[in-house]
Amino acid sequence: MNTSWRSASLVAAAAAVLALTTACGQEGAPSAGGQNVGATAQAGGFGSAGTSADNGIGNGYGANGRQDSADAAQPAGELAVAADARLGKVVTDSAGMTLYRFDDDTAKPPNSHCEADCATAWPPVPADDATAGAGIDKALLGQVTRADGTKQLTIGGWPAYRYAKDTKAGQTSGQGVNGKWFALAPDGKKASLAKLPGLSVKKTELGDVVVDKNGMTVYRFTKDQAWPKSVSACTGSCLEKWPAVAPVASDDTKGVVKKGLMPFTRPDGVKQMTVNCWPLYTFSGDKLPGDVNGQGVGGTWFAVSPDGKAIGAPQ
């Protein structure tokens, strides 16, 4: 009995080695810069993937509707720093609404060039009661007198605005509008996430896990197949919840095992990345870099370790 088991194991191991040099490796090296399948791509460099009218054609400033003047003058209160999965650290007001800066303004000296209809689409943030919360240097807060005599908050010298189309806390639909509007970082600069390789390693509560170029945790599905060829069992609505990781060039990775690091073609014709020949996914329930909310979901989804293993999966 033991001899039969060992023989079967040797045969399986030989088949796996052969697969690494044949079926799993037939796709060749991918090109860099792919997006996750199922993730919403940003259209035309704007902050939201809506119609052209939504992104700056309507009234010319990125918002078509008019905002009540009382809403526009809402006090800022205690400013806070929020973590955005796409932009990194951004400044919000006390209600959690994202604050923005305008490239046509100046910081030295502070000066606002957003008036009339522009100020309707991008309400200036009053300086009166604004205070610095955790993560914000109060020395960077200031004010500028607008043409109408009101005082507008500045951060690092840059006049601060809200966006009329942000209707809920945490939204950043103003990011990149008309190529001139950007979320404010705590230092007054444009918010941006540090550039990461296509796949790299991040420390989380689970230990070291593989993350994508946005710092989002990468997962494996135990119902998938790695050998003799990569096969994904996640199709249809599954991909909406678990977007497939797009191909990544092998030289665009850091800290990830090179074995079986290659793409394969899904039945729908889309190419998907693998590590150790296992298909890779992100999880729509992860909102911030380093989140591991997908770990153990359904007893079939597990974060990926740097060597391609499924962390915490039953052996």
Side-chain angles (χ1 to χ4, degrees), residues 34-40 79-92 96 98 133-136 168-172 183 185-187 191-224 226 232-234 237-246 248 250 252-261 272-315:
Q35 290 180 316
N36 284 1
V37 177
T40 302
L79 304 181
V81 178
D84 182 85
R86 186 166 56 95
L87 303 175
K89 294 181 179 180
V90 301
V91 179
T92 70
T98 302
I136 298 175
K168 297 179 181 179
Q171 291 183 333
T172 57
D187 58 2
S192 63
L193 198 63
K195 181 175 174 57
L196 295 173
L199 291 174
S200 59
V201 177
K202 182 179 181 68
K203 288 188 179 299
T204 70
E205 62 189 70
L206 300 176
D208 289 346
V209 302
V210 177
V211 297
D212 70 2
K213 64 180 181 181
N214 297 314
M216 304 305 289
T217 301
V218 168
Y219 298 89
R220 270 179 45 180
F221 188 29
T222 58
K223 293 184 179 181
D224 284 351
S232 169
C234 180
S237 60
C238 175
L239 283 175
E240 296 177 9
K241 184 175 290 187
W242 301 91
V245 175
V248 173
S250 60
D252 188 27
T253 65
K254 184 176 181 180
V256 181
V257 67
K258 300 295 184 181
K259 177 184 177 183
L261 183 64
Q272 181 174 359
M273 193 62 188
T274 73
V275 169
N276 201 16
C277 291
W278 286 99
L280 302 179
Y281 310 81
T282 53
F283 180 45
S284 62
D286 286 344
K287 303 304 180 184
L288 300 174
D291 280 355
V292 289
N293 299 319
Q295 177 68 4
V297 169
T300 55
W301 291 91
F302 299 92
V304 179
S305 66
D307 61 1
K309 294 179 179 179
I311 299 174
Q315 300 298 318

- Verdict with supporting geometry, Tyr281 and Cys238, side-chain contact (heavy atoms from CB on, under 4.5 Å): CA-CA 11 Å; Tyr281 310 81; Cys238 175; 5.8 Å; no

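- Heavy-atom minimum distance, Ala233 versus Lys223: CB-O, 3.5 Å.
- Every residue two or more places apart in sequence or in another chain that forms a ring-ring contact (aromatic ring centres under 6.0 Å, His included) with Tyr219 is listed here: Trp242.
- The backbone N or O of Asn214 sits less than 3.5 Å from a side-chain atom of Asp212, completing a donor-acceptor pair.
- Scanning for side-chain hydrogen bond (donor to acceptor under 3.5 Å, both in side chains) contacts around Lys258 gives Thr253, with sequence neighbours left out.
- Applying the side-chain contact (heavy atoms from CB on, under 4.5 Å) criterion to Val201, with sequence neighbours excluded, gives Asp208, Val256, Pro306.
- Take Ala80 and apply the side-chain contact (heavy atoms from CB on, under 4.5 Å) test, not counting sequence neighbours, and it matches Thr92.
- No side-chain heavy atom of Asp291 sits under 4.5 Å from any side-chain heavy atom of Thr217.
- For the pair Thr274 and Gly260, the tightest heavy-atom approach, listed with the atom from each and the gap, is OG1-O, 2.9 Å.
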- After noting the C-alpha distance and the side-chain angles of Val81 and Ile136, does the key distance pass the side-chain contact (heavy atoms from CB on, under 4.5 Å) rule? CA-CA 7 Å; Val81 178; Ile136 298 175; 3.6 Å; yes

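- You'll find the side chain of Val245 reaches within 4.5 Å of the side chain of Thr282, heavy atoms only.
- Evaluation of the side-chain contact (heavy atoms from CB on, under 4.5 Å) rule for Ala83 yields Leu288 as partners, not counting sequence neighbours.
- A distance of 13.5 Å separates CG of Leu199 from NZ of Lys254, quoted to the nearest 0.5 Å.
- Taking Thr98 as the reference, nothing meets the side-chain hydrogen bond (donor to acceptor under 3.5 Å, both in side chains) condition, with sequence neighbours excluded.
- Contacts of Ser284 classified as side-chain hydrogen bond (donor to acceptor under 3.5 Å, both in side chains), with partners at least two apart in sequence or in another chain: none.
- Taking Thr222 as the reference, Thr300, Phe302 meet the side-chain contact (heavy atoms from CB on, under 4.5 Å) condition, with sequence neighbours excluded.
- The distance from the CD atom of Glu240 to the SG atom of Cys234 is 10.0 Å, given to the nearest 0.5 Å.
- Here the side chain of Asp286 pairs no donor or acceptor atom with the backbone of Met216 at under 3.5 angstrom.
- One distance of note links CG of Asp252 with CG of Leu196; it measures 10.0 Å at 0.5 Å rounding.
- When all heavy atoms are compared, the tightest approach of Ser305 to Val210 is O-CG2, 3.4 Å.
- Of all heavy-atom pairs between Pro186 and Gly135, the closest is CB-O, 3.7 Å.
- Minimum heavy-atom separation, Lys89 to Ala191: O-CB, 3.6 Å.
- Partners of Thr204 under the side-chain hydrogen bond (donor to acceptor under 3.5 Å, both in side chains) rule, at least two apart in sequence or in another chain, do not exist in this structure.
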- Between Lys241 and Phe283, is a side-chain contact (heavy atoms from CB on, under 4.5 Å) present by the stated rule, with each step listed? CA-CA 6 Å; Lys241 184 175 290 187; Phe283 180 45; 3.6 Å; yes

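- With hydrogens and angles ignored, the 3.5 Å screen pairs a side-chain donor or acceptor of Gln295 with a backbone N or O of Ile311.
- Taking every heavy atom of both residues into account, Lys309 and Arg220 meet most closely at CA-NH1, 3.6 Å.
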